[in-house]
Number of protein chains: 2
Amino acid sequence: MAEPARRGVPEATVGRLPGYLRALGQAAERGTPSISSEELAGLAGVRSTQLRKDLSHLGSYGVRGVGYDVAQLSAQIARELGLTQDWPVVIVGLGNLGRALAAYRGFATRGFRVVALVDEDPALVGTAIEGLTVRTLDQLASAGPRVAIGVITTPARSAQQVADRLVAMGVRSILNFAPCLLSVPDGVEVRRVDMATELQILAFHEQRRSLADDHAEETAG
Amino acid sequence: MAEPARRGVPEATVGRLPGYLRALGQAAERGTPSISSEELAGLAGVRSTQLRKDLSHLGSYGVRGVGYDVAQLSAQIARELGLTQDWPVVIVGLGNLGRALAAYRGFATRGFRVVALVDEDPALVGTAIEGLTVRTLDQLASAGPRVAIGVITTPARSAQQVADRLVAMGVRSILNFAPCLLSVPDGVEVRRVDMATELQILAFHEQRRSLADDHAEETAG
DNA sequence: GCGACTTTGTGCCTGCGTTCACAAAGTCGT
DNA sequence: ACGACTTTGTGAACGCAGGCACAAAGTCGC
């Protein structure tokens with residue numbers, strides 16, 4: 001009953017695992033040794049049936065009539081996500097956002113370590129930020145530590161060539177904050193984070209509600 | 001043929017509209033007056049059939065045999081997303097990330113305007129950042145401008161009470177950068193942006209590939 | 001003016017994700 | 001030890017999103 005269908009964790013489930021891990025952290029702080037799917041789902045913002053089905057995809061570690069052992073399930077999910085090791089991260093582009101991410105302590109908490117900072121601005125190269133010396137991409141490629149994950153916080157016009165360089169260095173996971181599409185070879189995964197997009201989606205619903213309100217006033221008045 | 005099913009734009013489609021808008025901007029820079037679904041889809045990173053189906057949900061503005069008028073389609077999508085007006089935005093929490101967002105010029109480009117900055121740190125309140133005077137939530141609630149969208153960049157422990165205050169002020173759209181779940185009343189929409197989550201998803205796939213590589217070596221060696 | 005060609009818009013089908021209903025399995029009180 | 005109760009794990013149904021095939025509609029050459 002330990003590992004049923006390990007090779008088939010649905011993408012939607014993977015997307016929720018980090019949330020479960022965070023919720024388990026909250027539960028652990030409260031000191032409760034075990035937790036029911038109902039309660040954990042509440043902390044994670046999903047339905048309990050969804051939580052149980054998600055967990056079933058990575059081998060059931062629950063006890064019927066009791067629930068899940070917080071520490072054990074936490075470790076299991078962390079292992080599944082590959083957080084038992086520290087992934088070396090490089091941040092490319094040290095504008096406001098890049099510097100904010102470099103200073104972000106949440107990285108180090110578990111699973112990730114910023115091992116290099118890159119920028120092409122000659123005024124920045126060689127200076128130290130957050131205890132790391134800023135290098136160029138060339139320097140990183142020739143004499144830098146191995147990196148597994150690249151975070152791109154450059155302007156959009158530079159993002160594609162940065163991505164190409166990272167891929168050439170063997171990076172297969174990219175987190176892209178630049179508002180543009182990156183084209184990469186098969187086997188390289190790109191995730192985009194774009195606040196402009198998020199705001200526009202919010203604006204869509206906001207406008208929708210405004211229109212609904214206007215209509216309500218109209219019919220009422 | 002102008003407005004068929006306006007009230008039923010699927011959520012997945014809404015999520016792609018900002019990408020189409022950006023792609024249209026690129027096309028406009030090149031000066032081409034019209035563009036085919038095939039080419040536009042390429043710029044946006046989707047299939048052409050998907051693009052056409054998405055656009056069909058907001059009333060067809062294409063010309064068969066020719067394509068879409070770039071300026072007209074751009075205006076149409078902007079209108080659909082509610083970007084013809086400027087939405088007033090407040091940023092709550094002026095740590096590294098909050099300051100980076102406050103300085104981010106991408107906001108102002110279209111549709112959004114940062115009209116207030118909020119922090120509870122007495123050392124910050126009253127000072128000016130990016131031309132705006134930092135206030136407390138109390139000050140904003142009693143004498144601030146109306147805001148439609150709240151951006152939360154506080155630590156996780158403060159996020160919920162900030163959200164409560166924003167909702168009490170009438171904010172119905174929240175963009176949450178804090179790594180926690182927000183509980184809000186019906187009718188309020190929250191979107192979360194969390195780099196830790198994104199990194200963990202990348203780590204999952206990275207580990208998956210590593211395991212696959214190891215297995216390949218093992219069978220090869 | 002007409003026919004060949006291009007490109008859009010859409011009905012249908014397939015696959016995935018979510019929810020429901022229920023059986024399996026374990027705990028706790030007596 | 002046994003029965004009532006709690007909670008998990010999962011098969012089945014349902015709904016949504018994506019892709020294919022094709023008809024509709026317009027342009028361009030002659």
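Labels below follow one simple rule: chain letters A, B, ... track the order of the sequence lines, proteins then strands, and each chain is numbered from 1. Values in this document were obtained by computation on a predicted structure and should not be read as measured data.
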Atom [atom1] of [X] and atom [atom2] of [N]: how far apart are they, to the nearest Å?
X     : N      : atom1 : atom2 : answer
B:Y61 : D:dG26 : OH    : P     : 16 Å
B:R64 : D:dA25 : CZ    : C1'   : 5 Å
B:L40 : C:dT7  : CG    : P     : 14 Å
A:L55 : D:dG9  : CG    : P     : 7 Å
B:E38 : C:dT7  : CD    : C1'   : 10 Å
A:L51 : D:dG9  : CG    : P     : 9 Å
B:Q72 : C:dT8  : CD    : C1'   : 14 Å

Requested in this report: Salt-bridge test for A:R52 and A:E38: reply yes if a basic N is under 4.0 Å from a carboxylate O, no otherwise.
Outcome: no
Query raised in the report: Of the nucleotides D:dT8, D:dT27, D:dA21, which one has an atom closest to the side chain of A:R52?
Result: D:dT8
Query raised in the report: For A:V92, does its backbone N or O pair with a side-chain atom of A:T153 as donor and acceptor, under 3.5 Å?
Result: yes
Query - Test item: B:Q160 side-chain N/O and B:S183 main-chain N/O as donor-acceptor pair under 3.5 Å - result: yes
Report task. Examine D:dT7: is either OP1 or OP2 under 4.0 Å from a nitrogen or oxygen in the side chain of A:S37? Give yes or no. Result -> no
Check: [Y] and [X] side chains under 4.5 Å, non-hydrogen atoms:
X      : Y      : value
B:V90  : B:V114 : no
B:L73  : B:D69  : no
A:I201 : B:P18  : yes

Requested in this report: For B:Y68 and for A:V66, find the nucleotide of DNA chain C with the closest heavy atom, then tell me which residue's nucleotide is more 5'.
Outcome: B:Y68
Report summary line: Readout for nucleotides 12-19 of chain D: B = base within 4.0 Å of protein heavy atom, S = sugar-phosphate only, - = neither; 5' to 3' it is B----SSB
